[in-house]
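First the structure, in the form of structure tokens, and then the observations on it.
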Amino acid sequence: MKSNIPIIKIYPSRNSQEFLLLKISKIIKNNRSISAYNLVNLLHPIIISWANYFKYSECLLVFTKLTHIILQKLRVWVFRRDTRNGKQIIKLCYFPNGNS
């Protein structure tokens, strides 16, 4: 038996996405010399609270896009910090692949 109840799809607005990315960018920019552990501790509650707010909406593509953008911002932060080593060494140090 089909119901005639309309399905409501809610998406995070572009303003909300931009505000999240702006907030993360400011934190990363203002904490250039902080340790990676402390930076993650600063970013974690912001990202988790935003994700929990939108977790019941249709936002898989939005989450994927924002995850990629945040990872790129962190990648720039990491490569700016360590200019003496090669990018592969830095990548394995900060972003381990879990094979070892």
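Reckoned from all heavy atoms, side chains included, excluding hydrogens, waters and symmetry mates.
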Practice task
Output the distance between atom SG (Cys59) and atom NZ (Lys65), rounded to the nearest 0.5 Å.
Solution key: 11.5 Å

Problem - Separation between CG of Leu43 and CG of Asn38, rounded to the nearest 0.5 Å - result: 11.0 Å

Handout entry: Any donor-acceptor pair under 3.5 Å from Ser57 side chain to Phe54 backbone
Key = yes

Exercise for the section: Report whether Val40 and Leu66 are members of the same hydrophobic cluster (ILVMFWY, side-chain heavy atoms less than 4.5 Å apart, transitive linking). Expected result: no

Practice task
Decide whether Val62 and Leu21 are clustered together by the hydrophobic rule: side chain heavy atoms of Ile, Leu, Val, Met, Phe, Trp, Tyr closer than 4.5 Å, transitively.
Solution key: yes

Completion exercise
Shortest non-hydrogen pair, Lys73 vs Ser25, comes out as NZ-OG, 2.9 Å

Problem - Path from Val76 to Ile69 over hydrophobic side-chain contacts below 4.5 Å - result: no

Handout entry: Closest heavy-atom pair and its distance - Leu42, Ile46
Key = O-CD1, 3.7 Å

Practice task
Taking atom CZ of Phe79 as the centre, report whether more than 12 heavy atoms of other residues, nucleotides or ligands fall under 6.0 Å from it.
Solution key: yes

Exercise for the section: Mind checking the OG-CD spacing from Ser13 to Glu18? Nearest 0.5 Å is all I need. Expected result: 8.5 Å

Completion exercise
d(Asn52 CG, Ile47 CD1) to nearest 0.5 Å is 12.0 Å

Problem - Candidates Ile70, Ile34, Leu74 - the one meeting side-chain contact (heavy atoms from CB on, under 4.5 Å) with Ile28 - result: Leu74

Exercise for the section: Of all the heavy-atom pairs spanning Ser16 and Trp50, show the shortest one and how long it is. Expected result: OG-NE1, 2.9 Å

Problem - Close side-chain approach of Asn41 to Tyr37, heavy-atom, < 4.5 Å - result: yes

Exercise for the section: Say whether Trp77 and Ile89 are linked into one hydrophobic cluster, either directly or through other cluster members, by side-chain heavy-atom distances under 4.5 angstrom. Expected result: no

Exercise for the section: Please answer whether the main-chain N or O of Pro12 pairs with a side-chain N or O of Gln17 as donor and acceptor at a distance below 3.5 Å. Expected result: yes

Exercise for the section: State plainly whether one hydrophobic cluster holds both Phe63 and Leu71, where clusters connect Ile, Leu, Val, Met, Phe, Trp and Tyr through side-chain heavy atoms under 4.5 angstrom apart. Expected result: yes

Exercise for the section: Answer yes or no: is there a donor N or O on one side and an acceptor on the other, between the side chain of Arg80 and the main chain of Arg32, under 3.5 Å? Expected result: yes

